[in-house]
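For reference, the structure discussed in these notes is given below.
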Amino acid sequence: MNLYFAVFLMLAVLLGSCKDAEKDAYLLEIDQMNLQLDSLWNELEQNNIDTLKGISKTVELVIAKVQKNYFPDSIDLEIAGMMNIYKGIKKSLERNSGNLAKAKAAIPEIKETLGNLKHDIENGAGNREQYAENVEYERGKVKQVDELLSFYFKAQNSSVSSFNDIHAKVEAFANELEQKRQKEVDEK
């Protein structure tokens, strides 16, 4: 009888220690996901949205100046190409701002869910068989936010780079058109 009890006790301890290792692994993974979310949030906070709004507003003003002063006689193909890129910068920045908003909303929600899941795992609450599935699901959500922000920053950097490359030329063209128009008005 003591032998059966000893074997049973050893199996219970062994099984318990496996469960503890599994529990610790889940908790570690949740902590790692929280750290990743904190890092993503810091990137968002360092993102200077005012600069992007300024670029968008500048593009809008320069395009308006060109449209106001442009007379369809002829336009250099290089300038026409730059104008198309310039217009695309504003559209890209506007479309991409939605990605930033999605990420800003998702991060606190995921952190709250991770906190609840961590609490459940630490206290053995809920369906223990679903812990792995729940952790995997949350890992997928963190990955989606990471990918969304990677796309956001890549598109943002591309737009800012394009703006920096062509803004001076497009603005000079817009100013030239404005001066020509003013000269024509003055001559009348």
Side-chain angles (χ1 to χ4, degrees), residues 21-68 81-171 174:
E22 192 174 71
K23 176 181 167 180
D24 290 343
Y26 293 146
L27 294 173
L28 179 63
E29 188 161 0
I30 289 171
D31 289 341
Q32 289 171 341
M33 284 188 277
N34 272 317
L35 287 173
Q36 184 178 3
L37 289 171
D38 289 342
S39 175
L40 293 172
W41 187 260
N42 287 337
E43 282 183 60
L44 287 176
E45 290 295 309
Q46 292 174 4
N47 182 42
N48 191 346
I49 194 96
D50 292 336
T51 300
L52 300 179
K53 287 179 183 177
I55 288 173
S56 187
K57 187 66 175 168
T58 299
V59 168
E60 185 179 316
L61 292 172
V62 171
I63 289 172
K65 188 187 289 189
V66 169
Q67 289 173 338
K68 178 181 175 188
M82 281 192 290
M83 287 300 299
N84 286 334
I85 292 169
Y86 205 67
K87 289 177 185 178
I89 291 169
K90 185 175 186 308
K91 289 177 186 174
S92 175
L93 289 173
E94 289 171 352
R95 278 192 311 262
N96 202 25
S97 68
N99 293 330
L100 182 66
K102 287 177 191 174
K104 278 190 171 185
I107 290 174
E109 291 173 9
I110 296 170
K111 284 188 73 66
E112 181 180 347
T113 305
L114 285 173
N116 293 339
L117 181 57
K118 183 176 182 176
H119 179 268
D120 288 351
I121 292 171
E122 286 174 337
N123 297 305
N127 187 349
R128 293 179 181 157
E129 285 76 38
Q130 287 188 328
Y131 289 167
E133 185 179 319
N134 293 341
V135 169
E136 182 65 31
Y137 180 73
E138 295 305 318
R139 186 182 314 119
K141 288 178 14 182
V142 171
K143 183 179 178 191
Q144 284 178 334
V145 170
D146 187 34
E147 289 171 353
L148 180 69
L149 285 176
S150 292
F151 175 80
Y152 169 80
F153 286 117
K154 183 178 178 184
Q156 172 189 317
N157 291 339
S158 175
S159 294
V160 170
S161 177
S162 294
F163 176 81
N164 290 335
D165 289 345
I166 65 172
H167 171 69
K169 293 175 188 172
V170 174
E171 187 175 40

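As the structure is a prediction and not an experimental result, all values here were calculated from the model.
For the pair Ile85 and Asp165, the minimum side-chain heavy-atom distance is 4.5 Å or more. Side chains of Asp120 and Asn134 form no contact here, defined as non-hydrogen atoms less than 4.5 Å apart. Counting heavy atoms from C-beta outward, Thr58 and Tyr86 have side chains that approach closer than 4.5 Å. Annotation: side chain of Val170 is not in contact with side chain of Ile63 (no heavy-atom distance under 4.5 Å).
The ring pair (Phe, Tyr, Trp, His ring centres under 6.0 Å) search around Phe163 returns His167, not counting sequence neighbours. A search for side-chain contact (heavy atoms from CB on, under 4.5 Å) contacts involving Lys102 returns Asn99, Leu148, not counting sequence neighbours. Residues that satisfy the side-chain contact (heavy atoms from CB on, under 4.5 Å) test with Glu29, not counting sequence neighbours, are Met33, Val135, Arg139.
Residues Ala105 and Pro108 share a closest heavy-atom pair of O-CD, 3.5 Å. A pairwise comparison of heavy atoms in Glu43 and Phe153 identifies OE1-CE1, 3.6 Å as the closest pair. Minimum heavy-atom separation, Lys118 to Leu27: CG-CD2, 3.6 Å. Nearest heavy atoms, Val145 versus Ala103: CG1-CB, 4.4 Å. Nearest heavy-atom pair, Asn96 versus Tyr152, reported as atom, atom and distance to 0.1 Å: ND2-O, 2.8 Å. The two atoms that bring Ala132 and Tyr26 nearest to each other are CB-OH, 3.2 Å, heavy atoms only.
A salt bridge links Lys57 with Glu60: the closest approach of a Lys/Arg side-chain nitrogen to an acidic carboxylate oxygen falls below 4.0 angstrom.
With Ser39 contributing its side chain and Leu35 its backbone, the two residues share no donor-acceptor pair below 3.5 Å. Within the 3.5 Å criterion, the main-chain N or O of Glu109 finds a donor-acceptor partner in the side chain of Thr113. Between the side chain of Ser159 and the backbone N or O of Ala155, at least one donor-acceptor pair lies under 3.5 Å.
If you take CG on Leu28 and CD on Gln32, they are separated by 4.0 Å, rounding to the nearest 0.5 Å. Atom CD in Gln36 sits 10.5 Å away from atom NZ in Lys143 (nearest 0.5 Å). With values rounded to the nearest 0.5 angstrom, Lys169 atom NZ is found 14.0 Å from Met83 atom CE. Within the model, atoms NE2 of His119 and CD1 of Ile30 stand 12.0 Å from one another, a figure rounded to the nearest 0.5 Å. Atoms CG and CD1, on Leu149 and Ile107 in that order, are 5.5 Å from each other to the nearest 0.5 Å. Rounding to the nearest 0.5 angstrom, the gap separating the CG atom in Asn47 from the CG atom in Leu100 is 6.0 Å.
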